[in-house]
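Along the sequence shown, the residues carry numbers beginning at 1. Worth knowing before you read on, the calculation uses all heavy atoms, side chains too, and leaves out hydrogens, waters and symmetry mates. Being a predicted model, the structure only gives us computed values, none of them experimental.
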Amino acid sequence: QVPLVESGGGLVQAGGSLRLSCAASGRTFSTYAMAWFRQAPGKEREFVAAISWSAFSTYYADSVKGRFTISRDNAKPTVNLQMNSLKPEDTAVYYCAAAQLPALSRATMRDLYDYWGQGTQVTVSS
């Protein structure tokens with residue numbers, strides 16, 4: 001199992017930055033691709049970013065490309081999401097997830113993820 005616990009959410013003004021962290025446990029963390037998803041009120045959960053088990057590859061939703069950066073440290077083990085130039089439309093609950101993906105190109109598919117965190121709220125004011 002790979003229990004996941006997110007932290008780092010909060011309230012920030014538009015144009016500001018936040019750094020989310022996801023602490024994982026379990027010896028198999030390093031074999032899982034990790035991702036961040038988000039869900040705004042009344043909307044479906046959507047893919048934000050993913051990183052391969054080796055950290056060699058990353059994949060981003062077009063809406064966050066160039067503003068968000070995903071990283072991981074398999075020694076800790078944690079996965080982080082650095083969010084810059086935040087916009088009000090980034091407001092959502094952000095979830096960390098783990099999957100043993102056949103390819104990172106499949107990272108947008110929610111059903112492939114085996115483990116999810118409880119979520120952390122990010123609110124961006126205009």
Asks: Which pair of non-hydrogen atoms, one from Ser126 and one from Ala14, has the smallest distance, and what is that distance?
Replies: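 Taking every non-hydrogen atom into account, CA-CB, 4.4 Å.
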Asks: Indicate the atoms forming the closest heavy-atom contact of Ser17 with Ser85, along with that distance.
Replies: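 Looking at all heavy atoms of both residues, the shortest contact is OG-N, 4.4 Å.
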Asks: Measure the shortest side-chain to side-chain distance between Thr120 and Ser7 over non-hydrogen atoms and say whether it is less than 4.5 angstrom.
Replies: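 Answer no - side chains too far apart.
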Asks: If you measure from CG on Leu101 to CE on Met109, what distance do you get to the nearest 0.5 Å?
Replies: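 Rounded to the nearest 0.5 Å, the CG-CE separation comes out at 9.5 Å.
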Asks: Do Gln118 and Leu4 come close enough that some side-chain heavy atom pair is under 4.5 Å?
Replies: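 With C-beta onward as the side chain, the pair stays apart.
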Asks: Indicate yes or no: at least one non-hydrogen side-chain atom of Met34 is less than 4.5 angstrom from one of Cys96.
Replies: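 When only atoms from C-beta onward are counted, Cys96 and Met34 do touch, with a gap below 4.5 Å.
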Asks: Applying ring pair (Phe, Tyr, Trp, His ring centres under 6.0 Å) as the test, list every pair that has at least one member in residues 53-94; sequence neighbours left out.
Replies: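 Every ring pair (Phe, Tyr, Trp, His ring centres under 6.0 Å) pair that includes a residue of residues 53-94, provided the two are not neighbours, is Phe47-Tyr59.
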Asks: Can you see which heavy atom on Leu81 is nearest to which on Ala49, and at what distance?
Replies: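 Scanning both residues, the minimum pair turns out to be CD1-CB, 4.2 Å.
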Asks: Closest heavy-atom contact between Asp114 and Ala99?
Replies: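 Here Asp114 and Ala99 meet closest at OD2-CA, 4.0 Å.
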Asks: In plain terms, say whether Asp90 and Lys87 are close enough for a salt bridge, that is, a side-chain N and a carboxylate O under 4.0 Å apart.
Replies: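 No, no charged N to carboxylate O under 4.0 Å.
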Asks: When rounded to the nearest 0.5 angstrom, what is the spacing between OH in Tyr115 and OG in Ser25?
Replies: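 Going from the OH atom of Tyr115 to the OG atom of Ser25 covers 10.0 Å.
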Asks: Mind listing the closest non-hydrogen atom pair of Tyr95 and Gly117 along with its distance?
Replies: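 Scanning both residues completely, I find the closest heavy atoms to be CD2-O, 3.6 Å.
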Asks: Can you check whether Val124 reaches Val122 side chain to side chain, under 4.5 Å on heavy atoms?
Replies: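 In short, these two side chains touch, coming nearer than 4.5 Å.
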Asks: Does Val64 reach the side chain of Arg38, with side-chain heavy atoms less than 4.5 Å apart?
Replies: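 Val64 vs Arg38: side chains touch.
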Asks: Decide side chain to side chain contact (heavy atoms under 4.5 Å, CB included) for Leu18 and Leu86; before the verdict, give the C-alpha distance in whole Å, the side-chain angles of both, and the deciding distance to 0.1 Å.
Replies: CA-CA 8 Å; Leu18 279 177; Leu86 283 161; 4.1 Å; yes
Asks: Thr123: what forms a side chain to side chain donor-acceptor pair (under 3.5 Å) with it, not counting sequence neighbours?
Replies: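 Listed in chain order: Gln121.
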Asks: Which atoms form the tightest heavy-atom contact between Ser52 and Arg72, and what is the distance?
Replies: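 In this case the closest contact between Ser52 and Arg72 is O-NH1, 3.0 Å.
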Asks: Determine whether Ser71 and Arg19 make a side-chain contact, defined as any pair of heavy atoms from C-beta on separated by less than 4.5 Å.
Replies: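 Contact flag for Ser71/Arg19 side chains = yes.
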Asks: Any side-chain hydrogen bond (donor to acceptor under 3.5 Å, both in side chains) involving residues 98-113? Give me the pairs, sequence neighbours left out, ordered by first then second residue.
Replies: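 Matches after skipping sequence neighbours: Thr31-Gln100.
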Asks: We want to know whether Asn80 and Gln82 form a side-chain donor-acceptor pair, criterion being a heavy-atom distance below 3.5 angstrom.
Replies: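 Looking only at side-chain atoms, Gln82 and Asn80 do not form any donor-acceptor pair under 3.5 Å.
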Asks: In sequence, state the C-alpha distance, the side-chain angles, and the governing distance for Glu44 and Gln39, and then conclude on side chain to side chain contact (heavy atoms under 4.5 Å, CB included).
Replies: CA-CA 6 Å; Glu44 290 191 355; Gln39 188 167 17; 5.6 Å; no
Asks: Does any non-hydrogen side-chain atom of Ile70 lie less than 4.5 Å from one of Val79?
Replies: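 In short, these two side chains touch, coming nearer than 4.5 Å.
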Asks: Give the intermediate values and the outcome of side chain to side chain contact (heavy atoms under 4.5 Å, CB included) for residues Phe37 and Glu46.
Replies: CA-CA 5 Å; Phe37 286 75; Glu46 65 174 4; 5.8 Å; no
Asks: Between the side chains of Asp73 and Thr78, does any donor sit under 3.5 Å from an acceptor?
Replies: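 No.
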Asks: Are Glu6 and Leu20 packed together at the side-chain level, in the sense that at least one heavy-atom pair is separated by less than 4.5 angstrom?
Replies: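 They are not in contact (no side-chain heavy atoms under 4.5 Å apart), so the answer is no.
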